[in-house]
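Remarks on the structure that follows.
Values reported hereafter were calculated over all heavy atoms of this structure, with side chains retained and with hydrogens, waters and symmetry mates removed. Numbering of residues begins at 1 and proceeds along the displayed sequence.
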Amino acid sequence: MISLRYHVISIAAVFLALALGVVLGSTTLSNTLLSGLSNQKDDLSARLSDEQAQNNVLRAKLDRADKFAAGVGPTAVKGVLDRRTVAIVSTPDASQRAKDAIGGLVKNAGGSVTAQLQLTKDFSDPSKSDQLRDLVTRVIPSGAQLPTASDPGTLSGGLLGSLLLLGKNNQPQANPQETSAAISALSDGGFVRASGDVKPAQLAIVLTGGAEKGDAAGDQASTVARFAAQLDKSGAGAVLGGGDGSAQGNGAVGVARADSAINSQLSTVDDTDLAQGQIATIFALAEQLNGQSGQYGTAGNAKAPLPGNAQG
């Protein structure tokens, strides 16, 4: 007679066998799956290694080309800005190396840097725009006229254009006392930092870094682009230069290039972190003197690597 105990033991044996089958089956499946994943990992590692090797070769070529350009730059630009004066304005993320190199090339080209000004982070901060607008309207020199646009980039470009640049008649647009007072006010307000004496120049270079970051990136890039555009209108010409990423939609160069009202007059260079871009900036300034503009660099929205006057 089959007892209840026999049934319990039989059912337990069935479940034990089932459990062992599941374990053994999953172990076999896991081993197969892990083997496949391991093969894929080895394949991806090999491909990544090849890509890194190719990248190292390209980087080495770029470094050699950049060193060559840096070596010939002083000779290439010789006389291009003969007896011309230049004001250099930079944003906080602009490369110091690029600023120094471009300042040196201005001198190699026969020109001189008469003013250097650094904009602060507050300058392009949307939360500070009302404060900047109010300050600009209060320190404008007598006889100078601000543009009708109300955005902070254009308004501050109108003010600083009258301080940093000579007018169309090649004469200062503000006296030294007015210039000193206005820049001191902007400095006290936390919007600019001046380096040494400020003497008005014929041309201007605005140097920035790469793409802006954060929720307000578009507004920040727009402020710098419009500021540079207004400087261009205030003197004999201006060039907006930026490093890697500056030609993107959230970079100042990219904003300028996307606006036909700006790019028809303002020249831009998107690779000022490279010697080629630094040379292009000098030739773009010279091109501005002839009433021409262009978009130069290595980004997809650039028209050419260098201005035509640098290639012929």
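A donor-acceptor pair is defined here as one N or O able to donate and one able to accept, closer than 3.5 Å; such a pair exists between the side chain of Glu178 and the backbone of Ser142. The backbone N or O of Gly153 lies less than 3.5 Å from a partner atom in the side chain of Ser156, making a donor-acceptor pair. Within the 3.5 Å criterion, the main-chain N or O of Gly218 finds no donor-acceptor partner in the side chain of Asn250. The backbone N or O of Gln202 sits less than 3.5 Å from a side-chain atom of Thr85, completing a donor-acceptor pair. Using a distance-only test at 3.5 Å, with no hydrogens or angles considered, a donor-acceptor pair links the side chain of Ser293 to the main chain of Ser264.
In this structure, CD1 in Ile102 is found 4.0 Å from OG1 in Thr281, a value given to the nearest 0.5 Å. Between the CD atom of Gln173 and the CD atom of Gln145 there is a distance of 11.5 Å, given to the nearest 0.5 Å. How far CD1 of Ile183 is from CG of Leu160: 6.5 Å, rounded to the nearest 0.5 Å. Gln116 CD to Leu207 CG: the interatomic distance, rounded to the nearest 0.5 Å, is 10.0 Å. Note: Leu132 CG to Leu155 CG = 8.0 Å, rounded to the nearest 0.5 Å. Here Thr114 contributes atom OG1 and Leu164 contributes atom CG; the two are 8.5 Å apart, rounded to the nearest 0.5 Å.
Test Leu231, Val86, Val113 against Ile205 for side chain to side chain contact (heavy atoms under 4.5 Å, CB included) and you get one pass: Val86.
There is a path of hydrophobic side-chain contacts, each under 4.5 Å, that joins Val198 to Val206. Ile88 and Leu266 fall into different hydrophobic clusters, where Ile, Leu, Val, Met, Phe, Trp and Tyr side chains are chained together by heavy-atom contacts under 4.5 Å. Note on Leu117 and Val136: same hydrophobic cluster, where clusters join Ile, Leu, Val, Met, Phe, Trp and Tyr whose side-chain heavy atoms are under 4.5 Å apart, directly or indirectly. In the hydrophobic cluster analysis, where Ile, Leu, Val, Met, Phe, Trp and Tyr join through side-chain heavy atoms closer than 4.5 angstrom, Leu165 is grouped together with Leu163. When hydrophobic clusters are built by joining Ile, Leu, Val, Met, Phe, Trp and Tyr residues whose side-chain heavy atoms come closer than 4.5 Å, directly or via intermediates, Val89 is not grouped with Val106.
Residues passing the side chain to side chain contact (heavy atoms under 4.5 Å, CB included) test with Pro126, sequence neighbours excluded: Ala216, Asp219, Gln220. Legend: residues meeting side chain to side chain contact (heavy atoms under 4.5 Å, CB included) with Gln96, ordered by chain and number and at least two apart, are Lys99, Asp100. For Asp232, there are no side-chain hydrogen bond (donor to acceptor under 3.5 Å, both in side chains) partners, not counting sequence neighbours. Partners of Arg138 by side chain to side chain contact (heavy atoms under 4.5 Å, CB included), not counting sequence neighbours, listed by chain and number: Asp134, Leu135. Judged as a side-chain hydrogen bond (donor to acceptor under 3.5 Å, both in side chains), and not counting sequence neighbours, the contacts of Ser222 are Arg226. For Phe123, the ring-ring contact (aromatic ring centres under 6.0 Å, His included) criterion is met by Phe227, not counting sequence neighbours. Residues satisfying the salt bridge (charged side-chain N to carboxylate O under 4.0 Å, His left out) criterion with Asp130, sequence neighbours excluded, are Arg133. Residues passing the side chain to side chain contact (heavy atoms under 4.5 Å, CB included) test with Thr91 are Asp93, Ala94, Leu119, Thr208, Val224, sequence neighbours excluded. For Gln288, the side-chain hydrogen bond (donor to acceptor under 3.5 Å, both in side chains) test picks out Ser267, with sequence neighbours left out.
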Step-by-step side-chain contact (heavy atoms from CB on, under 4.5 Å) determination, Asp244 to Asp271: CA-CA 6 Å; Asp244 185 34; Asp271 56 354; over 6 Å; no
Pair Asp122-Thr120, side-chain hydrogen bond (donor to acceptor under 3.5 Å, both in side chains): steps then yes or no: CA-CA 5 Å; Asp122 285 351; Thr120 68; 4.9 Å; no
Worked check of side-chain contact (heavy atoms from CB on, under 4.5 Å) between Phe283 and Leu306: CA-CA 8 Å; Phe283 280 101; Leu306 295 164; 5.5 Å; no
Audit row: Ser95, Asp273, side-chain contact (heavy atoms from CB on, under 4.5 Å) steps and yes/no: CA-CA 7 Å; Ser95 163; Asp273 50 338; 5.5 Å; no
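Counting heavy-atom neighbours within 6.0 Å of Asn108 CG, excluding the residue itself, gives a total above 12. Summarising the local packing, CG of Asn169 is surrounded by more than 12 heavy atoms from other residues, nucleotides or ligands at distances under 6.0 Å. Counting non-hydrogen atoms of neighbouring residues, nucleotides and ligands closer than 6.0 angstrom, the NZ atom of Lys168 exceeds 12 such neighbours.
Annotation: ring pair (Phe, Tyr, Trp, His ring centres under 6.0 Å) contacts involving residues 232-274, sequence neighbours excluded, are absent. Listed by first then second residue, pairs satisfying ring pair (Phe, Tyr, Trp, His ring centres under 6.0 Å) with a partner in residues 178-220 number zero, not counting sequence neighbours.
A pairwise comparison of heavy atoms in Ala149 and Thr154 identifies CB-CG2, 3.8 Å as the closest pair. Minimum interatomic distance between Leu146 and Leu159 (heavy atoms only, all atoms of both residues): CD2-N, 3.8 Å. Closest non-hydrogen pair, Pro305 versus Ala280, comes out as O-CB, 3.9 Å. The shortest heavy-atom contact between Gly294 and Glu287 is N-OE1, 3.9 Å. The nearest pair of heavy atoms linking Ala174 to Thr179 is CB-OG1, 3.8 Å. Of all heavy-atom pairs spanning Ile140 and Ser162, the tightest one is CD1-OG, 4.3 Å.
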Mind listing the side-chain donor-acceptor pairs of residues 251-262 below 3.5 Å, one per line with the distance, residues two or more places apart or on another chain?
| from | atom 1 | to | atom 2 | distance (Å) |
| --- | --- | --- | --- | --- |
| Arg257 | NE | Thr268 | OG1 | 2.8 |
| Arg257 | NH1 | Asp270 | OD2 | 2.8 |
| Arg257 | NH1 | Asn301 | OD1 | 2.8 |
| Arg257 | NH2 | Thr268 | OG1 | 3.3 |
| Arg257 | NH2 | Asp270 | OD2 | 3.2 |
| Arg257 | NH2 | Tyr296 | O | 2.7 |
| Asp259 | OD1 | Ala261 | N | 3.0 |

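Inspection of the Gln295 and Asn263 side chains reveals no N or O donor paired with an N or O acceptor under 3.5 Å.
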